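To keep things clear, I will list the structure first and then write my remarks on it.
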Amino acid sequence: MMDIKEIQKFLPHRYPFLLVDRIIEIEPGTKAIGIKNVTFNEGFFQGHFPGQPIMPGVLIIEAMAQVGGLLAFFSGVNVGKTVYFMSIEKAKFRKPVVPGDQLRLEINVLHQRGNVWKFSGNAIVEEKVAAEAEFTAMVTDREI
């Protein structure tokens, strides 16, 4: 549904912090599914951990949040706005994510009031939940 060029029109993130490669499904106001292909060339693998590369959990949550931001844009948030984290809750890491994995990022809107959105998300690798969390974000004007 969206490739990387389209994603970059909405998210301000760029290499090395753009953590979504593709959006395969969006149901405005309800849910979105994104893909992150994890490769050994990711910069964070140099130090996390040498000889045993594991994607940092905080970056898995960030990838989920980026899909949530795209969901907000497709649910009526205007381009030129940005989405900022407010809170992360109930984060659990169930399976290490390693080079060669493909993260399927499934995000659902729990509720939205004004410019505040609450999402739940799962990061799935080979049909198994690698990470899950609830997170809240605020839509605001982009800082210059």
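None of the values given here were measured: they were computed from a predicted structure.
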State yes or no: do [X] and [Y] share one hydrophobic cluster built from I, L, V, M, F, W and Y residues joined by side-chain heavy-atom distances below 4.5 Å, directly or via other members?
X: F17; Y: I88; answer: yes
X: F74; Y: M64; answer: yes
X: F85; Y: L71; answer: yes

Residues [X], [Y]: salt bridge by 4.0 Å N-O rule:
X: K31; Y: E25; result: yes
X: K118; Y: E89; result: yes
X: E62; Y: K36; result: no

Please name the pair of heavy atoms, one in [X] and one in [Y], separated by the smallest distance, quoted to 0.1 Å.
X: F119; Y: V109; answer: CE2-CG2, 3.9 Å
X: V125; Y: A130; answer: CG2-CB, 4.2 Å
X: A65; Y: F135; answer: CA-CE1, 3.7 Å
X: G29; Y: S75; answer: N-OG, 2.6 Å
X: A63; Y: V20; answer: O-CG2, 3.8 Å
X: M55; Y: L103; answer: SD-CD1, 3.9 Å

Taking the side chain as every heavy atom from C-beta outward, state whether [X] and [Y] have any atom pair closer than 4.5 Å.
X: Q102; Y: V38; answer: no
X: I60; Y: V97; answer: yes
X: T140; Y: K81; answer: no

Counting only heavy atoms from other residues, nucleotides and ligands, does the tally under 6.0 Å from [atom1] of [X] exceed 12?
X: Q46; atom1: CD; result: no
X: R113; atom1: CZ; result: no
X: K92; atom1: NZ; result: no
X: Q52; atom1: CD; result: no

Q.
Do E132 and N122 pair up side chain to side chain, a donor and an acceptor below 3.5 Å, judged on atom types alone?
A.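 Looking only at side-chain atoms, N122 and E132 do not form any donor-acceptor pair under 3.5 Å.
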Q | Single hit among L19, I7, L18 for side-chain contact (heavy atoms from CB on, under 4.5 Å) with H13 | A |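 Checked L19, I7, L18 against H13; only one passes side-chain contact (heavy atoms from CB on, under 4.5 Å): L18.
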Q) So which of V67, L70, T30, I26 actually passes side-chain contact (heavy atoms from CB on, under 4.5 Å) with I107? A)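 Single pass found, and it is V67.
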In Å, rounded to the nearest 0.5 Å, how long is the span from [atom1] of [X] to [atom2] of [Y]?
X: I124; Y: R94; atom1: CD1; atom2: CZ; value: 12.0 Å
X: T39; Y: D21; atom1: OG1; atom2: CG; value: 8.5 Å
X: F44; Y: F49; atom1: CZ; atom2: CZ; value: 12.0 Å
X: W117; Y: T136; atom1: CH2; atom2: OG1; value: 12.5 Å
X: M2; Y: Q8; atom1: CE; atom2: CD; value: 10.0 Å
X: I61; Y: L105; atom1: CD1; atom2: CG; value: 10.0 Å

Q. Parallel, tilted or perpendicular: which describes the rings of F73 and F10, with under 30° parallel and over 60° perpendicular?
A.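 Ring orientation of F73 relative to F10: tilted.
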Heavy-atom donor-acceptor pair, [X] side chain to [Y] backbone, under 3.5 Å:
X: E6; Y: I23; value: no
X: N115; Y: V139; value: yes
X: H48; Y: I54; value: yes

